[in-house]
Structure formats: structure tokens, C-alpha cells
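Following: one structure in C-alpha cells, then a few remarks.
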Amino acid sequence: MSSTSDRVRSVLKQHAKLSVDAGALADHDDLYAVGLSSFSTVQLMLALEEEFNIEIPDKMLNRRSFESVAAITNVVDTVVG
Amino acid sequence: MSNAQAEFLKLLLEHGILIDMGVDGLYGRSGVFEDVVERFSILVAAFGKEDKAEVVRFPPGMSRSQFESSGYMKSFPQLAGTIHSFSGNDREHAALLAKMEAKEDWTEDQKATDVVLTPAACYPLYPAIAKRGALPEQGGLFDLYSYCFRHEPAIDPARMQMFRMREYVRIGTQEQVVSFRQTWLERGEALMKSLGVQVALDVANDPFFGRAGKLLSNNQRDQKLKFELLIPITSEENPTACLSFNYHQDHFGTKWGLCTCDNAVAHTACVGFGMERVALALFKHHGMDVRSWPRAVRKVLWGE
């Protein structure tokens with residue numbers, strides 16, 4: 001089974017409309033610097049919730065939670081528990 | 001708080017400054033109220049005069065297809081007002097009248113027209129400017145003024161469903177747009193202080209809908225994209241946003257294909273004046289009789 005961060009990269013590839021290949025991103029690369037917009041973040045949030053069958057709590061719905069593969073992976077791991 | 005709002009509304013109605021129309025948030029305006037709005041509008045124009053903005057006026061309705069493209073329904077579906085009309089035949093007309101007579105819902109067969117009520121004065125501007133092609137080197141600066149609609153019925157007289165918004169909109173490079181907003185942050189505060197009201201500037205967010213909205217609101221605040229100039233009207237603790245200063249980044253530029261002279265996506269920003277809110281703040285601070293407003297304030301507004 002693929003790791004959380006691999007699945008995060010796959011969701012990014014499909015939903016984040018980045019200017020680079022999500023598969024080639026380092027864990028801590030700034031996603032906003034490679035084209036993640038506010039509205040794409042919304043699509044990304046909904047896609048992550050579907051992929052991992054989770055509901056991200058309101059307090060995590062902020063810019064920092066989606067800033068990198070590592071940050072997103074951390075959010076998913078925290079919510080999945 | 002809602003008690004204070006109801007009391008202020010009652011006072012405005014009793015003094016004939018606003019006129020009840022039977023729906024929360026929909027009011028007639030007296031000549032006195034309109035004069036204050038008009039004088040404030042002239043004052044705003046005086047503060048912005050040196051920038052030589054292009055004046056553009058749109059009616060309070062916009063094209064439904066442009067409204068759909070604007071993405072407004074993604075963010076504020078709860079606030080939008082669409083215009084529907086009857087488009088049936090004689091038999092359907094008779095059925096409609098029968099339902100109306102029986103006090104049943106007669107609106108279900110109304111069909112959406114091509115017109116949507118304008119939610120913010122600048123919404124019809126972006127597609128119109130995009131049609132002109134790339135912006136000149138100095139970018140664009142526009143002066144807008146329109147009635148707007150937002151579906152949020154409330155007792156608070158400062159939360160009207162139909163109200164006027166005056167705006168300056170800057171379209172250009174990031175530097176041009178950010179500098180415009182900074183200029184107006186300073187001007188706006190000076191302008192309102194000259195009217196003898198208590199002001200506070202704060203970071204703000206738009207009322208985005210739902211959980212996705214929570215994320216958009218937090219993003220907007222984190223990036224300080226929206227500031228509001230707050231003035232207490234019916235509450236000291238929750239003052240009312242009377243002016244707003246918004247930096248949209250490249251959101252509208254990308255959406256409408258607005259280009260700078262070197263073919264980069266244009267950035268946009270606007271300063272918006274809630275005309276009724278400002279007038280209400282003045283009535284609240286200075287009293288219901290404009291003739292007894294402080295001399296300094298009368299001088300700024302009426303030059304006397």
C-alpha cells in the first residue's frame with residue numbers, strides 16, 4: 001500500500017493545478033510558490049477528504065495546513081489518528 | 001445587540017429618515033438621508049480626484065452569464081439575488097393568478113431571466129475592461145457607483161439588502177495595485193476622521209459560504225487581503241464595516257483574462273464605500289437633526 005505522502009502527491013496531481021509535476025515535489029516545497037491558489041485549495045481539501053474518507057476539522061482549515069506535501073500529510077495523519 | 005439595532009431602526013423610522021417598506025433590509029430614503037449620501041459621495045470624489053479615475057456606471061443588474069462566470073455562486077450562494085419573470089401562456093397565467101388568490105406559492109413557475117442583481121459595484125466592470133484588450137502601461141483606475149443586492153434580511157439598519165456601494169477599482173501590475181490599496185487605506189481613515197466618527201482599521205474576511213468558505217476566510221485573513229474601516233453604529237464591541245479595502249491578487253485577472261501591457265495577468269484591488277452605512281454612522285454619532293451636527297462636520301460635508 002502506498003504511503004500517505006504518495007497518495008497526497010497523487011491528489012495534488014489531479015486537483016491542485018500546480019505549475020510543476022506533483023510527483024517531483026520535495027516534502028517541504030512551498031505549494032503556493034508553484035501555483036496553488038485559494039480556490040484550488042478548496043478543491044484539494046474536498047479531494048483529500050474523499051481520498052482518505054476524513055473530515056478535516058475547521059481549526060485546520062487554514063493556509064499553513066496545505067502549504068507543502070509534508071504539511072498536508074501531517075494533517076491527514078492527525079485526522080486519521 | 002439586536003435590541004440596540006431595533007431601537008436605532010425605530011428612531012430612524014420615527015424621524016422619517018428611513019421609510020418602512022415591509023421587508024427587513026429594504027427601506028425608502030428621505031431627502032435628508034439622500035443629501036447626506038450625496039454629500040459624502042462628493043467628498044469621496046474630492047479625495048480621489050487627483051487620480052483621474054475613469055467614471056463608469058452600471059445599472060444594479062448584471063448579465064447572468066457573466067455572473068455565472070464570476071464564481072460568485074462558489075463563494076456566496078446565500079447572498080445572491082437572481083431575477084425571475086413569468087414567461088407562460090394564458091392558461092399558465094390563469095393558474096398563477098389562482099395560486100396568488102389562494103395565497104399559495106405562485107413563484108415556482110417563474111423562470112430565470114438573463115439578469116442577476118449586482119452583488120458588488122465592480123462585478124460588471126471586469127469583463128467589460130477585459131474586452132478592451134491589454135491595459136495601457138499605467139494600468140486602469142475606475143470610479144463605480146451602484147445599488148447592490150445581498151440577500152441577508154436583518155433588523156440591523158446597517159445591513160440592508162439593497163444598498164449603494166461606491167468603489168474605486170485599480171487594475172494593473174501587483175505593484176500598482178498594492179500601492180493603490182495602501183494609498184486608500186490612509187485616505188479612507190483620514191476621510192472618515194474628518195467626519196468626526198470613531199474609526200478602527202482591522203483585517204477582515206468575506207462571508208464565504210460553508211466549510212470551503214472557512215478555508216477561504218482563513219486564507220484571506222492570513223494573507224491580509226481584506227481590511228475594513230470599522231465604525232460603531234449600534235454596538236461598540238461589534239463596530240460596522242463602512243469602508244473595505246480589498247486586494248484580489250490575480251483572482252479576477254485570471255478569471256476574466258485581464259492583461260497588463262506586457263501580457264502578464266493583471267492584479268486587481270478595490271476600495272468600497274458602504275454609502276448607507278456611512279450615512280447611518282453619521283446619524284448615530286451626530287444625531288437625527290443634520291442642522292445640529294458639529295460645525296466641523298457640516299463644513300466638511302456642506303462647506304458651510
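The sequence lines fix the lettering, A, B, ..., with proteins before strands; numbering per chain opens at 1.
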Next item on the list: Please round to the nearest 0.5 Å and tell me the distance separating atom CE of A:M60 and atom CG of B:N218.
Entry: 13.0 Å

Next item on the list: Mind checking side chain to side chain donor-acceptor pair (under 3.5 Å) for B:K255 and listing every partner two or more places apart, or none if nothing turns up?
Entry: none

Check: Does atom CD of A:E50 have more than 12 heavy-atom neighbours, drawn from other residues, nucleotides or ligands, at distances under 6.0 Å?
Finding: no

Next item on the list: Look at atom CZ of B:F209 and say whether more than 12 heavy atoms of other residues, nucleotides or ligands are closer to it than 6.0 Å.
Entry: no

Note to self: Contact between B:R221 and A:N62 at the side-chain level, heavy atoms closer than 4.5 Å - yes or no?
What the structure shows: no

Next item on the list: Show your reasoning for whether side chain to side chain contact (heavy atoms under 4.5 Å, CB included) applies to A:R63 and B:L215.
Entry: CA-CA 7 Å; A:R63 202 169 156 79; B:L215 177 57; over 6 Å; no

Next item on the list: Using a cut-off of 6.0 Å, state whether more than 12 heavy atoms not belonging to B:K214 lie near its atom NZ.
Entry: no

Margin query: Please classify the contact between A:L46 and chain B as side chain, backbone, both or neither, with a heavy-atom cut-off of under 4.5 Å.
Written below: neither

Margin query: B:Y126: which residues meet the ring-ring contact (aromatic ring centres under 6.0 Å, His included) condition with it, sequence neighbours left out?
Written below: B:F252

Checklist line | Those residues of residues 26-45 of chain A, ordered by number, that approach chain B below 4.5 Å (heavy atom to heavy atom) | finding: A:S38, A:F39, A:T41, A:V42, A:M45

Notebook entry, point to check: Any side-chain heavy-atom pair from B:R211 and A:D58 closer than 4.5 angstrom?
Noted result: yes

Throw together a table of side-chain donor-acceptor distances under 3.5 angstrom for residues 261-272 of chain B, partners on residues two or more places apart or in other chains.
from   : atom 1 : to     : atom 2 : distance (Å)
B:D262 : OD1    : B:T260 : OG1    : 2.7
B:H267 : ND1    : B:Y247 : OH     : 2.6
B:T268 : OG1    : B:H248 : ND1    : 2.8

Check: So with a 6.0 Å cut-off around CD of B:E137, is the heavy-atom count from everything else above 12?
Finding: no

Next item on the list: Between chain A and each of B:G213, B:S217, B:A212, count heavy-atom pairs under 4.5 Å; write down the option with the most.
Entry: B:A212

Margin query: Which atoms of B:Q220 are under 4.5 Å from chain A, going by heavy atoms: the side chain, the backbone, both sets, or neither?
Written below: neither

